[in-house]
Amino acid sequence: MKTPVSLLQEYLVEQGTVPRYIARELSTGPSTPKVFQYELSIFGGQYQSTGSGQSKKQAKHEAANNMLLKLSEQRPDLKKLLERNDFYEKMDKVTSNNSSIKNNSIFQLDSKFLFILYI
């Protein structure tokens, strides 16, 4: 089973480019769990996405996943690659198993911050 990071890398190699990831730790205080965020850009910054999670790996995978969803709307060749790898079926399973994520206060804060940032 390929991860979002490996699927994105595979597609970008075919396109002759590489992703640019920037990691940061979002400190919310000493008594709260660490939250990491990755910013991802490709094609010279033409496309951008972010991901956050309680580990760097989780944040990086979310950023790649968000990028794949964004790109697949505009690039039929990527959509075919994702379909061949059952990406959309895996997404349905992940989102149905993690419905509590949307109720997480860190996720809500991060979403509000990103919304304000991009207005």
Side-chain angles (χ1 to χ4, degrees):
M1 178 165 87
K2 293 182 181 179
T3 66
V5 173
S6 63
L7 284 169
L8 181 62
Q9 184 69 28
E10 180 180 333
Y11 178 72
L12 293 177
V13 165
E14 291 174 2
Q15 302 300 309
T17 190
V18 294
R20 180 174 176 248
Y21 290 96
I22 299 173
R24 61 175 61 120
E25 184 178 333
L26 303 176
S27 297
T28 57
S31 62
T32 59
K34 290 183 180 179
V35 176
F36 297 93
Q37 182 181 54
Y38 266 90
E39 294 178 6
L40 167 60
S41 64
I42 59 172
F43 300 120
Q46 182 180 358
Y47 296 95
Q48 299 177 359
S49 70
T50 60
S52 59
Q54 293 182 339
S55 70
K56 289 180 181 179
K57 180 179 178 179
Q58 185 182 21
K60 187 174 185 179
H61 282 246
E62 185 177 301
N65 191 66
N66 291 339
M67 181 64 74
L68 288 169
L69 290 171
K70 183 184 291 189
L71 274 178
S72 66
E73 294 173 359
Q74 301 172 8
R75 296 178 176 253
D77 54 336
L78 175 59
K79 190 171 187 172
K80 287 178 186 176
L81 173 68
L82 298 179
E83 288 170 351
R84 281 194 312 268
N85 286 279
D86 299 324
F87 175 78
Y88 298 108
E89 287 181 26
K90 294 172 193 168
M91 280 296 304
D92 289 340
K93 289 179 185 176
V94 168
T95 54
S96 65
N97 290 339
N98 293 320
S99 60
S100 63
I101 291 173
K102 299 269 185 203
N103 296 326
N104 181 302
S105 61
I106 298 296
F107 176 83
Q108 292 172 349
L109 178 64
D110 189 42
S111 298
K112 285 181 182 178
F113 174 73
L114 290 174
F115 179 73
I116 291 168
L117 188 69
Y118 290 108
I119 290 184

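Position 1 is the first residue of the sequence; numbering continues from there.
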Can you tell which of Lys60, His61, Gln54 makes a side chain to side chain contact (heavy atoms under 4.5 Å, CB included) with Lys57?
His61
Can you give me the closest heavy-atom contact between Val35 and Ser52, atom names plus distance?
CG1-CB, 4.3 Å
Within residues 21-32 or reaching into it, pairs that qualify as salt bridge (Lys or Arg N to Asp or Glu O under 4.0 Å) - sequence neighbours excluded
Arg24-Glu39
Just verifying a value: how many Å separate Thr3 OG1 and Glu10 CD, rounded to the nearest 0.5 Å?
10.5 Å
Partner residues of Lys56 under the side chain to side chain contact (heavy atoms under 4.5 Å, CB included) criterion, sequence neighbours left out
Phe36, Tyr38
Leu82 CG to Arg75 CZ distance, which is reported to the nearest 0.5 Å:
12.5 Å
Closest non-hydrogen contact found for Lys2 with Ser6 is CB-OG, 3.4 Å
According to a hydrophobic-cluster definition based on side-chain heavy atoms being under 4.5 Å apart (Ile, Leu, Val, Met, Phe, Trp, Tyr only), do Leu8 and Ile22 belong together?
no
If every non-hydrogen atom of Leu81 is compared with every non-hydrogen atom of Asn85, which pair is closest and at what distance?
O-ND2, 2.9 Å
Taking every non-hydrogen atom, the tightest pair across Gly53 and Ala59:
N-CB, 3.7 Å
Please list, one pair per line, the donor and acceptor atoms closer than 3.5 Å that link side chains of residues 65-74 to other protein atoms, with sequence neighbours excluded.
{"from": "Asn66", "atom 1": "ND2", "to": "Thr50", "atom 2": "O", "distance (Å)": "2.7"}
{"from": "Asn66", "atom 1": "ND2", "to": "Glu62", "atom 2": "O", "distance (Å)": "3.3"}
{"from": "Lys70", "atom 1": "NZ", "to": "Gln48", "atom 2": "O", "distance (Å)": "2.2"}
{"from": "Ser72", "atom 1": "OG", "to": "Leu68", "atom 2": "O", "distance (Å)": "3.1"}
{"from": "Ser72", "atom 1": "OG", "to": "Leu69", "atom 2": "O", "distance (Å)": "3.0"}
{"from": "Ser72", "atom 1": "OG", "to": "Tyr88", "atom 2": "OH", "distance (Å)": "3.2"}
{"from": "Gln74", "atom 1": "OE1", "to": "Tyr47", "atom 2": "OH", "distance (Å)": "2.8"}

Point-to-point distance, once rounded to the nearest 0.5 Å, from CD1 of Ile42 to CZ of Arg20
13.0 Å
